[in-house]
Amino acid sequence: MRAVFFIKKICTFVSMQKNETNSETSILTNLNDAQRAAVEFCDGPSLVIAGAGSGKTRVLTYKIAYLLEQGLPPYYILSLTFTNKAAREMKSRIAELVGEKKARSLWMGTFHAIFARILRKEGEAIGFKPNFTIFDTADSRNLIKLIIKDMKLDDKQYRQNAIHGQISKAKNSLITPAMYAANSELLEYDRRARQPQLFEIYQRYQNRLRAANSMDFDDLLMYTNILFRDHKDILEKYRNQFQYILVDEYQDTNFSQHLIVKQIADAHHRVCVVGDDAQSIYSFRGANIDNILNFKSNFPETKVFKLEQNYRSTQNIVNAANSLIRQNTEQIEKDVFSENEVGDKLEILGTFSDFEEGLVVANKIARMRLERHDTYSDFAILYRTNAQSRIFEDALRKKNIPYRIYGGKSFYQRKEIKDVISYFRLIVNPSDEEAFRRVINYPTRGIGNVTVGKIASSAELHNVSLWEVLSSPIEYNLEINAGARNRLATFQSLISGFIEQRDTISAYEIAQEVIKKSGISHEAYSDLTPEGLSRSQNIQELINAMEEFVSTRQEEGDENILLTDFLSEVSLLTDQDTEDDEEAQKVTLMTVHSAKGLEFNHVFVVGMEEDLFPSSMAKSENRGLEEERRLFYVALTRARKTCTVTYAKSRFKNGQTNSAKISRFVMEIDQAYVSEESILNYSNKGTSSADDFWGTMRQQRVKRESLGRAATKDIAPQRAPERRGNIVSVNNAAPSMPLSQEAKELQVGNIIEHERFGRGEVTSIELSGNDRRAFVEFESAGKKQLLLKFAKFNIIE
DNA sequence: TAACACTTGTTTTTT
DNA sequence: ACAAGTGTTA
């Protein structure tokens with residue numbers, strides 16, 4: 001209560017001395033007018049529309065620092081971010097401004113992390129024990145698969161991923177199973193979609209989760225809403241505590257998240273949301289752009305601030321991105337501009353194949369690094385799908401360029417790690433069905449599907465957890481033979497032993513016990529295959545991480561760090577959260593989605609082809625298409641200095657090479673901001689689509705090569721020779737790519753040392769397009785053609 | 001029950 | 001290409 005007055009006082013205090021520069025307002029001098037205005041306004045709801053690169057994080061950081069500096073206790077501030085990483089970074093920046101101690105007691109984190117913490121404390125009010133475990137996506141899907149099987153439904157008609165998506169959507173819209181079953185519109189929709197039983201799957205899924213004392217990601221938000229809805233005393237408590245709420249990336253919140261914010265903020269309206277509608281890219285996950293578009297109607301007295309000056313990028317990049325996003329219809333009007341240098345124009349490079357795309361990018365990175373005296377960490381390659389990373393990895397490795405990949409399978413999703421973590425989950429929460437199923441026969445101990453099936457049906461019959469059946473097999477009439485019974489009893493006492501230690505010894509200590517006694521370490525160490533080795537390394541890494549977790553927490557003053565502490569921390573971590581070594585000079589490879597909020601001097605947006613970017617999935621709906629366009633906008637605006645956009649004429653996908661067409665988005669960029677060479681390459685499209693860029697000569701050659709194949713599409717470049725690693729393929733891409741010094745000087749008769757083929761003599765050189773190719777007789781590798789633009793070799797004599 | 005060969009579908013993005 | 005699922009054999 002006192003805090004309410006407190007805030008009012010701060011605000012009047014500040015507005016009185018707005019124009020003075022004394023020590024109290026000193027932090028504000030680092031801000032521009034718009035930013036400062038947004039920071040200073042703290043007596044009501046505010047919406048900060050922050051264009052790309054306009055200092056959004058800066059505003060949030062300074063705003064929090066500002067509130068703290070004025071004396072508002074940190075634990076009164078709730079600050080919600082989109083990723084753990086963002087939270088961590090913001091925290092450390094605030095610590096620099098106001099000191100470590102205050103920063104540490106801020107409530108700052110992702111929606112999921114913060115409300116998981118609150119649910120652990122308050123969950124008993126809605127029937128959850130504080131040791132509940134969290135199902136990740138894979139766990140959820142496994143459970144859904146089991147349910148579909150139990151219900152004897154056709155798994156082609158009810159595909160687990162689709163079902164999970166539907167359930168997730170329902171949860172994010174706060175539709176409980178009961179509401180779902182009562183909603184004739186939804187039922188009708190499902191009937192038409194030939195999934196009439198969907199509501200029952202949802203129902204059962206939710207029951208099973210509850211029986212397992214577990215929540216999935218969406219539950220963390222949904223149950224928070226339910227908790228606040230049904231327990232006003234608890235809501236009141238947090239309303240009083242969170243006197244000021246800040247939300248980052250508001251354009252990516254879903255209804256469930258929005259309502260949590262609203263429920264808390266309704267008491268005092270001191271809420272500041274920051275976002276950019278032009279960067280809303282998560283609607284597939286239920287994010288609702290309307291949250292930001294309609295924020296004002298929820299809080300009518302909302303003050304809107306617009307940050308329009310981009311400090312990140314050159315004028316060319318900002319203008320190019322603006323010209324793209326202008327094609328969208330739904331957006332808040334704003335005028336993002338840059339006063340940085342005009343900078344280089346965008347470069348658009350078409351290549352013959354995805355393979356060549358990799359080489360072109362790798363080469364350009366190598367060249368630019370030297371020309372511009374930048375480090376590898378100034379470069380990023382951004383793609384639409386994780387599957388595209390492979391080809392760039394190969395190309396970079398070939399050129400000895402260090403890189404770091406984000407995304408894909410995260411550390412915690414690796415099988416061996418999930419297995420170990422499942423032991424932890426079962427120990428902390430023996431009801432956890434997924435964990436139980438995962439570990440009961442890992443390492444193999446002769447308990448197969450049949451036995452597990454018996455336990456499961458008995459558990460369902462008696463309405464208890466699998467663990468309880470396992471613990472009292474006789475009581476629950478478990479009919480199995482003596483051998484199986486023995487093995488079950490051994491497993492049961494193994495886990496019971498861990499459970500007894502769970503609350504006394506540290507997370508690190510119990511983890512070591514688990515590895516040893518469960519037989520995991522024995523199995524891991526006896527596997528000497530390369531994969532086995534990497535698996536035991538991963539397990540070791542997990543143990544090391546736990547040791548570090550325990551010791552840092554102890555240094556911070558906590559005493560006994562239990563397994564449950566570690567588990568609740570780790571369940572919400574993703575790959576993005578693994579500490580990156582700042583010093584490492586590596587090229588960054590990631591999806592555009594995970595690049596949100598980051599920036600690099602030089603950005604390569606790759607794979608700009610129809611059906612890939614925009615993805616074929618998104619194209620059917622206009623809204624989907626606009627989201628893809630925003631995604632491309634996000635990609636372009638990551639760049640500070642240069643931006644290169646690439647596409648390939650053919651791409652290997654799902655075991656097949658398909659011909660591809662340049663993305664419509666590339667055409668939408670105003671050509672005034674695109675380098676002239678690039679324009680020549682792609683702009684004369686309209687005349688004949690088959691005749692663009694590549695020139696007739698090249699296509700004819702390709703057709704000749706693919707002769708005899710049924711070529712239904714315009715080109716069907718099957719198994720390009722480069723797949724095998726020989727750099728002999730057609731190419732005339734990358735007009736901007738100059739030959740290396742070596743390549744320029746190369747003459748017939750030279751002896752060269754090639755990176756892979758070894759020594760060889762140049763027998764002839766010919767011109768192909770605007771490039772040269774050399775025919776080389778290698779001592780061991782035989783006759784090869786080298787494309788001088790790409791070939792890596794030294795002239796020996 | 002487990003190990004293996006064979007078939008099938010699958011890919012958008014992530015807390 | 002690849003992973004997951006299915007079926008066959010020991």
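First the proteins, then the strands, lettered A, B, ... as listed; each starts at 1.
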Counting any heavy atom closer than 4.0 Å, what does [X] reach on the DNA or RNA strands: base, sugar-phosphate only, or nothing?
{"X": "A/N441", "value": "sugar-phosphate"}
{"X": "A/R141", "value": "nothing"}
{"X": "A/Y282", "value": "sugar-phosphate"}
{"X": "A/F82", "value": "sugar-phosphate"}
{"X": "A/R159", "value": "sugar-phosphate"}
{"X": "A/K596", "value": "nothing"}
{"X": "A/S616", "value": "nothing"}
{"X": "A/V592", "value": "nothing"}

Kindly write out the residues that satisfy side-chain contact (heavy atoms from CB on, under 4.5 Å) with A/S283, not counting sequence neighbours, or none if the list is empty.
A/E627
Please determine whether salt bridge (Lys or Arg N to Asp or Glu O under 4.0 Å) holds for the pair A/K418 and A/D136, giving the CA-CA distance in whole Å, both sets of side-chain angles, and the decisive distance to 0.1 Å.
CA-CA 10 Å; A/K418 278 211 80 166; A/D136 70 13; 2.9 Å; yes
Could you check whether A/F355 and A/F652 have their ring centres less than 6.0 Å apart?
no
Are A/H593 and A/F284, when compared by the centres of their aromatic rings, separated by less than 6.0 Å?
yes
Using the side-chain heavy atoms of [X], tell me which of these nucleotides is nearest: [options].
{"X": "A/N386", "options": "C/dG5, B/dG9, B/dT14", "answer": "B/dT14"}
{"X": "A/S594", "options": "C/dA1, B/dT1, B/dT14", "answer": "B/dT14"}
{"X": "A/H593", "options": "C/dG5, B/dT13, C/dC2", "answer": "B/dT13"}
{"X": "A/M617", "options": "B/dT1, B/dT15, B/dT11", "answer": "B/dT11"}
{"X": "A/F284", "options": "B/dT15, B/dT13, C/dA1", "answer": "B/dT13"}

All heavy atoms of A/N328 vs all of A/E626, minimum pair found to be ND2-O, 3.3 Å
How close do A/T385 and A/T591 get, heavy atom to heavy atom, and via which atoms?
C-CG2, 4.2 Å
Would you kindly give the [atom1]-to-[atom2] distance between [X] and [N], to the nearest whole Å?
{"X": "A/K149", "N": "C/dA4", "atom1": "NZ", "atom2": "C1'", "value": "12 Å"}
{"X": "A/K156", "N": "B/dT10", "atom1": "NZ", "atom2": "C1'", "value": "13 Å"}
{"X": "A/E628", "N": "B/dT13", "atom1": "CD", "atom2": "P", "value": "11 Å"}
{"X": "A/Q388", "N": "B/dT13", "atom1": "CD", "atom2": "C1'", "value": "11 Å"}

Side-chain N or O of A/S615 versus OP1/OP2 of B/dT13: is the shortest distance under 4.0 Å?
no
Got a sec? Which of residues 163-172 of chain A come in under 4.0 Å of DNA chain B, heavy atoms?
none
So which one's nearest nucleotide on DNA chain B is more toward 5', A/R487 or A/F217?
A/R487
Hey, which sits more toward the 5' end of DNA chain B by its nearest nucleotide, A/G446 or A/T591?
A/G446
Check step by step if side-chain contact (heavy atoms from CB on, under 4.5 Å) holds for A/E249 and A/K596.
CA-CA 10 Å; A/E249 309 280 14; A/K596 194 171 71 157; 3.4 Å; yes
Sort out the partner of B/dT11 for me: Watson-Crick or G-U wobble, both distances under 3.5 Å, none otherwise.
none
Those residues that, when tested against A/E393, pass salt bridge (Lys or Arg N to Asp or Glu O under 4.0 Å) (two or more places apart)
none
